[in-house]
Amino acid sequence: MTALLPSGQMRGRLIGEDLRVAIDDVEAHEGLIARFQPLRHAAMLSPFVIAMAVALASWFSALILLATLIPFGAGMALAGLAGKAEADRQFLALSRLSGLFVDRVAALPAILAFGAEDRVTRQIGGAAREVAGRTMQVLRIAFVSSAMLEFFAALSVALVAVYCGFSLLGLLPFPAPEDLSLGEAFFALALAPEFYLGMRRLAAAYHDKQQGQAAERSVANALDQARLLAVQARAVPRNRVCQLRAEGLTIRYADDNCIGPVSACWQGPGLHVVTGPTGAGKSSLLHALIALAPVSAGRIILDDTPVAASALPALTGWAGQRPLLLPGTLADNLRLGGKDLGPQELARLTDASGLTALIAARGEDLTIDPRGSGLSGGERRRIGLVRAIASGRPLLLLDEPTADLDPETTAKVIALLQDTARTRLVIAATHDPALIACAKSRMVMP
Ligand SMILES: Nc1ncnc2c1ncn2[C@@H]1O[C@H](COP(=O)(O)OP(=O)(O)OP(=O)(O)O)[C@@H](O)[C@H]1O
């Protein structure tokens, strides 16, 4: 279950899509396992049991029933193949709609502030129409399969009735294969409708099967990706980073916007900066190192071992330009990095980052909402920075850690970074001359 929960952009999906896999797709298994599978076993057995019972009275009627199974089976196999592809497409469209919906609800204040309600409504409307279209396709196939089932069920009963009736009247147009009494004919005819009954019940659970199997594939896919990420994360040492190299790293966004190839070598411990004009790709480079941006070419080499970008988050304390804030107290947010930080160590870090004034004014139990309302831009950044340092991880990636700060607080933060860089590899994207001046190396993005 933990593996299925949202992992942000690492799987390249919206958080709502991950949530859908973790909740709805897991639930969709119930129909497949608790309803469809028992009915399938029953449907596979029951025609043969009924045919054997009918054969006791009239072997030719049993043969007629079994013969109708051949074209029926072929038709159902074709419908099943078409149904599988359509169910997958419907599932994908539903995932997109859920992801889009959750994402847009989270961004509702911004949408209202920009008066973008109409555009967002149209987007969600388009996604909902796609789901409706795909659902209609799935229903059409379900309708065709049940029509086929009803046709063959009716045909089998009709053929048995005609055979028994004509046989009793001696009007068969071919030599009678058996000598049928009224009791035997009645027995065969009474059992004939039961021949397709199991399959009719199975057809009623057809939708459960489609949903369940599509959910099964999507959960299996998500688990595979999670397993891969976990294996890659385990494959690297966790307590130190001596050297990190990017070799020809190229980032290609979905809209074909391309950054790179970038090559760099950062030696740890030490403080290194990445500089360059706005839009040069500094943030993108840091994102690419921890699998938050799509890498299309190049390699990341950690202590002489090529690693996947998805291996680095486990080693990295990350402070982006918009740190994630969770509802809770300030201390909860600072401790999010994972390490069990004592009050003294936390106080040292908050003091060194200039957050003491905030705590003195508003208390340690200051409650924070997810948007960080009531916090200044500089305070939010420093919460992200302290959290990254407090994580105790050997590699720190910091995106403009001294932006939005006055010179005095900037000096404090730089001193904290220098102190941290004594034992860890710190890489910061920055425009700040004061931070650039005390860096061990500077890489300039063109
Ligand atoms: N998700 C994305 N999809 C497409 N293009 C993107 C995406 N994120 C960034 N870009 C583009 O990549 C380029 C580099 O952006 P990036 O944020 O890495 O620059 P930067 O050097 O960090 O800029 P700044 O100094 O302003 O923070 C920009 O042209 C930006 O528009």
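Counting convention: from 1, in listed order, for ligands and their atoms alike.
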Counting only heavy atoms closer than 4.0 Å, does ligand 1 sit against the backbone of D399, its side chain, both, or neither?
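Looking at D399 and ligand 1, no heavy atom falls under 4.0 Å.
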Side chain, backbone, both or neither: which part of A293 has a heavy atom under 4.0 Å from ligand 1?
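Contact part for A293 vs ligand 1: neither.
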Consider ligand 1: state whether an atom of it lies below 4.0 angstrom from any non-hydrogen atom of [X].
| X | value |
| --- | --- |
| A429 | no |
| M445 | no |
| A280 | yes |
| Q321 | yes |

Give the residue, atom name and distance (to 0.1 Å) of the protein heavy atom nearest [atom].
| atom | answer |
| --- | --- |
| atom 22 (O) of ligand 1 | S283 OG, 2.7 Å |
| atom 30 (C) of ligand 1 | N257 ND2, 4.1 Å |
| atom 10 (N) of ligand 1 | Y253 CE1, 3.5 Å |
| atom 28 (C) of ligand 1 | G279 O, 3.9 Å |
| atom 18 (O) of ligand 1 | S284 OG, 2.5 Å |

Can you tell me if R134 and Q137 form a side-chain donor-acceptor pair at under 3.5 Å?
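No, Q137 and R134 have no side-chain donor paired with an acceptor closer than 3.5 Å.
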Might you point out which heavy atoms bring Y253 and A293 nearest each other, and give the distance in Å?
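Closest approach of Y253 to A293, heavy atoms only: OH-CB, 4.1 Å.
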Using a 4.0 Å cutoff against the non-hydrogen atoms of [X], which atoms of ligand 1 qualify?
| X | result |
| --- | --- |
| H431 | 25 (O) |
| P277 | 21 (O) |
| K282 | 18 (O), 19 (O), 20 (P), 21 (O), 22 (O), 23 (O), 24 (P), 25 (O) |

Quick check: do F152 and M199 have side-chain heavy atoms less than 4.5 Å from each other?
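Not touching, per the 4.5 Å side-chain cut-off.
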From atom 26 (O) of ligand 1, work out which of T278, T430, L285 has a heavy atom at the shortest distance.
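Shortest heavy-atom distance from atom 26 (O) of ligand 1: T278.
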Tell me whether I259 has any N or O atom under 3.5 angstrom from an N or O of ligand 1.
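No.
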